[in-house]
Protein chains: 2
Amino acid sequence: MATTTRPQHDLAPHPEAHDPSLDEHTASALRLWVIMSRAQAAVTAQASADVARHGLTLAEFGILEALYHRGPMLLGEVQKRILVSSGGITFLVDRLTAKGLVERRSCEYDRRARYAALTDKGTALVAEIFPEHAAVIARAMAVIPPEEQQQVANSLRTVGRAAAGLPSHSAE
Amino acid sequence: MATTTRPQHDLAPHPEAHDPSLDEHTASALRLWVIMSRAQAAVTAQASADVARHGLTLAEFGILEALYHRGPMLLGEVQKRILVSSGGITFLVDRLTAKGLVERRSCEYDRRARYAALTDKGTALVAEIFPEHAAVIARAMAVIPPEEQQQVANSLRTVGRAAAGLPSHSAE
DNA sequence: GCATTATGCTTCAGCACTGAGAAGCTGTCC
DNA sequence: GGACAGCTTCTCAGTGCTGAAGCATAATGC
């Protein structure tokens with residue numbers, strides 16, 4: 001029998017024990033970090049399992065979803081949006097192309113650049129699975145009330161922007 | 001010049017555009033998911049870069065930190081704590097052993113089981129780098145006030161436990 | 001007590017992705 | 001109009017981890 005206690009797909013850090021060498025502010029921040037990592041990992045595991053039913057990774061789904069909601073995009077734009085490496089975006093688009101879900105189109109005004117665009121098959125797939133996927137996420141989040149979700153979102157947006165080195169209220 | 005727009009080390013999903021087919025509750029949950037993923041990715045990138053200065057991955061650091069704060073642990077315990085696969089824990093402990101930071105000890109009462117324990121070198125390393133690491137995390141979180149951190153932590157704990165399939169207020 | 005089932009760790013092939021480098025294209029500044 | 005900095009994409013070797021199978025040991029049922 002295989003053991004493999006379903007690993008939550010993402011590594012979560014050090015659930016903090018009490019370390020007397022830390023001041024209370026630091027210890028509290030560390031606890032938040034641990035809790036955030038675990039929540040993220042647990043929800044990611046569900047989201048990942050959901051798209052895996054259709055033979056997709058989360059990164060692939062992210063690309064499909066972006067193209068579905070925004071139309072054709074330059075590879076570089078997609079890359080920034082789903083946060084993968086430059087090599088990664090090429091690799092992922094290749095794979096989606098091989099699956100017949102995405103196609104590359106050349107850019108008329110800049111011959112270095114290429115667009116990624118959904119094929120009809122890709123559009124149909126996203127239209128089919130996106131609502132279910134959204135429901136999976138929503139169900140995971142629904143354990144806290146909407147106004148709490150709103151507050152958490154505001155706080156985490158601040159954390160995320162600061163950590164990513166962005167201005168506090170950038171447009172994009 | 002290499003381009004490689006520093007990928008935040010973790011894949012973040014689909015920043016939601018407005019999809020009229022979704023009800024507002026779902027759309028809001030989805031936005032939270034995106035924001036949480038990005039915040040997590042950004043902070044992870046910083047944490048990861050911090051431990052990378054010492055030639056460690058976050059998973060390795062997680063093991064060292066757990067052993068430092070709790071003493072020797074069975075491999076299976078460590079595995080559950082840092083959320084890696086069964087194969088992963090063997091692999092990681094092997095690598096830490098090769099670096100001379102961790103050693104395996106056999107268990108007196110169950111000859112299947114093995115303990116992982118810090119060596120002197122490992123203990124010294126954690127003692128050296130843990131405070132800095134905690135400070136890096138704390139700095140990232142410090143952009144929101146302590147009481148807000150507390151609220152976010154409470155909310156996310158609920159989300160994490162529910163998504164991981166645990167009871168709402170389990171002890172561990 | 002002996003089969004059966006469960007548990008703890010290991011092995012190993014495989015996979016998703018990174019990151020450094022390179023090739024091609026564009027615009028700009030002499 | 002040529003050099004060159006700066007993008008955009010692609011290549012590919014390398015990495016860190018997963019997950020299924022497997023071995024050894026322990027616990028349980030009969």
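On a predicted model such as this, the values are computed, not experimentally measured, just so you know. Letters go in sequence order (proteins before strands), and every chain restarts at 1.
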Q | Value in whole Å for how far the P atom of D:dG16 lies from CZ of B:Phe61 | A | 17 Å
Q: Mind checking A:Gly88 for me? I need base, sugar-phosphate or nothing, with any heavy atom below 4.0 Å counting as a touch.
A: base
Q. For the pair made of CD in B:Gln79 and P in D:dT18, what is the distance, rounded to whole Å?
A. 9 Å
Q: Verify whether one side chain among B:Asp120 and B:Thr123 offers a donor that lies under 3.5 Å from an acceptor in the other.
A: no
Q) B:Arg104 side chain N/O closer than 4.0 Å to the phosphate oxygens (OP1, OP2) of C:dT10? A) yes
Q | Minimum-distance nucleotide to A:Ala59 side chain [options: C:dT26, C:dC9, C:dC17] | A | C:dC17
Q. Rounded to the Å, how far apart are B:Leu75 CG and D:dT25 C1'?
A. 15 Å
Q. Nearest to the side chain of B:Arg111 - D:dC10, C:dC25, D:dA26?
A. D:dA26
Q. Would you say a side-chain N or O of A:Thr57 is under 4.0 Å from OP1 or OP2 of C:dC17?
A. yes
Q) Can the ring centres of A:Phe61 and A:His54 be said to be less than 6.0 Å apart? A) no
Q) Is the shortest side-chain N/O distance from B:Arg95 to OP1 or OP2 of D:dC17 below 4.0 Å? A) yes
Q: Rounded off to whole Å, could you give me the CD1-to-P distance for the A:Ile82 and C:dC17 pair?
A: 8 Å
**Q.** d(CD1, A:Ile63; P, C:dA16) in whole Å
**A.** 13 Å
Q. Over how many whole Å does the gap from B:Ile89 atom CD1 to D:dG19 atom C1' extend?
A. 15 Å
Q. Quick one: do A:Asp94 and A:Lys99 make a salt bridge, cutoff under 4.0 Å?
A. no
Q. Between A:Leu92 (CG) and C:dC15 (C1'), how many Å, whole number?
A. 12 Å
Q. Looking only at N and O atoms, is any donor in the side chain of B:Arg112 or the base of C:dT7 less than 3.5 Å from an acceptor on the other one?
A. yes
Q) Does a salt bridge link A:Glu65 with A:Arg81, judged by any charged N lying under 4.0 Å from a carboxylate O? A) no
Q.
Could you tell me how far apart B:Asp94 (CG) and C:dC12 (P) are, to the nearest whole angstrom?
A. 12 Å
Q) Does a side-chain N-to-carboxylate-O contact under 4.0 Å join A:Arg70 and A:Glu77? A) no
Q: Check whether any side-chain N or O of A:Arg114 sits under 4.0 Å from OP1 or OP2 of D:dC10, and answer yes or no.
A: yes
Q. 5'-most contact on DNA chain D: A:Gly87 or A:Asp110, nearest heavy atom basis?
A. A:Asp110
